[in-house]
Amino acid sequence: QVQLVESGGGLVQAGASLRLSCAASGRAVSSTALGWFRQAPGKEREFVALIKRSSGSTFYAESVKGRFTITRDAAKNTVYLEMNSLKPEDTAVYFCAARFRSSAYIPGRESSYDYWGQGTQVTVSS
């Protein structure tokens, strides 16, 4: 059984930074593709970032490219989302998700992932 636990959310002002963590148990993060999604009030959940399991390649939504960075620490079995220059429109619940299947997939599609965390709230005030 795989568990993903997010932490690091909070209330910050626009322009500030936050680092979200996603601690995984049950499988090594190096054996998964890990993604971050977010869901703002009244909106659908949207893709934010992905780190691939084999190459460690990263992919980002256009809205966060250049501001957010996804990394992983195999020793801590944890994936991070470093968020800089935060904007009020970044306000959302942030979820991490893990994929263990080795077939081709679309990173931005929720159905591509096998396990989800419970989410952590990020609120950015103007």
Side-chain angles (χ1 to χ4, degrees):
Q1 185 69 12
V2 174
Q3 285 192 322
L4 304 173
V5 179
E6 304 96 332
S7 61
L11 171 63
V12 297
Q13 290 190 328
S17 298
L18 275 176
R19 188 177 77 160
L20 304 183
S21 301
C22 174
S25 61
R27 289 285 291 269
V29 296
S30 58
S31 67
T32 77
L34 282 141
W36 284 96
F37 284 72
R38 67 186 181 186
Q39 186 168 21
K43 296 187 177 181
E44 294 187 352
R45 190 152 52 182
E46 64 175 2
F47 170 76
V48 175
L50 166 77
I51 185 163
K52 294 188 115 177
R53 64 176 183 173
S54 54
S55 64
S57 300
T58 56
F59 300 87
Y60 300 93
E62 284 299 320
S63 58
V64 306
K65 200 173 290 185
R67 300 188 298 123
F68 290 13
T69 303
I70 185 171
T71 58
R72 65 186 177 195
D73 184 331
K76 295 182 178 180
N77 217 30
T78 298
V79 174
Y80 303 97
L81 185 68
E82 185 75 37
M83 307 186 295
N84 299 314
S85 303
L86 282 162
K87 305 175 182 180
E89 51 264 42
D90 294 319
T91 295
V93 177
Y94 284 71
F95 300 88
C96 70
R99 173 187 172 87
F100 296 98
R101 288 166 279 164
S102 58
S103 54
Y105 64 100
I106 298 174
R109 187 171 290 175
E110 291 184 50
S111 60
S112 295
Y113 299 86
D114 305 306
Y115 295 94
W116 292 82
Q118 83 290 348
T120 186
Q121 176 71 46
V122 172
T123 303
V124 184
S125 64
S126 58

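No hydrogens, no waters, no symmetry mates; every other heavy atom, side chains included, goes into these values.
- For residues 110-126, the set of pairs meeting the salt bridge (charged side-chain N to carboxylate O under 4.0 Å, His left out) definition, not counting sequence neighbours, comprises R45-E110, R101-D114.
- By the side-chain hydrogen bond (donor to acceptor under 3.5 Å, both in side chains) test, E46 pairs with R38, sequence neighbours left out.
- Considering only heavy atoms from C-beta on, Y115 stays 4.5 Å or farther from T32 through its side chain.
- With hydrogens and angles ignored, the 3.5 Å screen pairs a side-chain donor or acceptor of E6 with a backbone N or O of Q118.
- Counting non-hydrogen atoms of other residues, nucleotides and ligands closer than 6.0 Å to CD of Q39 gives a total above 12.
- L18 approaches L86 most closely through the heavy-atom pair N-CD1, 3.9 Å.
- For R99, the side-chain hydrogen bond (donor to acceptor under 3.5 Å, both in side chains) partners are S103, not counting sequence neighbours.
- A disulfide (SG to SG under 2.5 Å) check over residues 24-82, counting only residues at least two apart or in different chains, returns nothing.
- Identified under the disulfide (SG to SG under 2.5 Å) test for residues 55-126, with sequence neighbours left out: C22-C96.
- Separation of atoms CG (L81) and OH (Y94) is listed at 7.5 Å; rounding is to 0.5 Å.
- To the nearest 0.5 Å, atom CD of residue Q13 and atom OG of residue S126 are 9.0 Å apart.
- For E62, the side-chain hydrogen bond (donor to acceptor under 3.5 Å, both in side chains) test picks out K65, with sequence neighbours left out.
- The disulfide (SG to SG under 2.5 Å) pairs that include a residue from residues 33-81 number zero, where partners must be two or more places apart or lie in different chains.
- Evaluation of the side-chain contact (heavy atoms from CB on, under 4.5 Å) rule for K43 yields A40 as partners, not counting sequence neighbours.
- Residues passing the salt bridge (Lys or Arg N to Asp or Glu O under 4.0 Å) test with R67 are D90, sequence neighbours excluded.
- Taking 4.5 Å as the limit, some side-chain heavy atom of Q121 sits within range of a side-chain heavy atom of T91.
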### Task
Tell me, with the steps shown, if M83 and L20 meet side chain to side chain contact (heavy atoms under 4.5 Å, CB included).
CA-CA 8 Å; M83 307 186 295; L20 304 183; 3.7 Å; yes
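- Nearest heavy atom pair, residue G9 against residue T120, reads N-OG1, 3.2 Å.
- At distances below 3.5 Å, not a single donor-acceptor pair connects side-chain atoms of S112 with backbone N or O atoms of P107.
- Within the structure, side chain to side chain donor-acceptor pair (under 3.5 Å) contacts touching residues 69-84 (residues at least two apart or in different chains) are S17-N84.
- Listed by first and then second residue, the disulfide (SG to SG under 2.5 Å) pairs involving residues 23-77 amount to none (not counting sequence neighbours).
- In the hydrophobic clustering, Y113 connects to F37, F47, L50, F59, V93, F95, Y105, W116, either directly or through intervening members, whenever side-chain heavy atoms lie under 4.5 Å apart.
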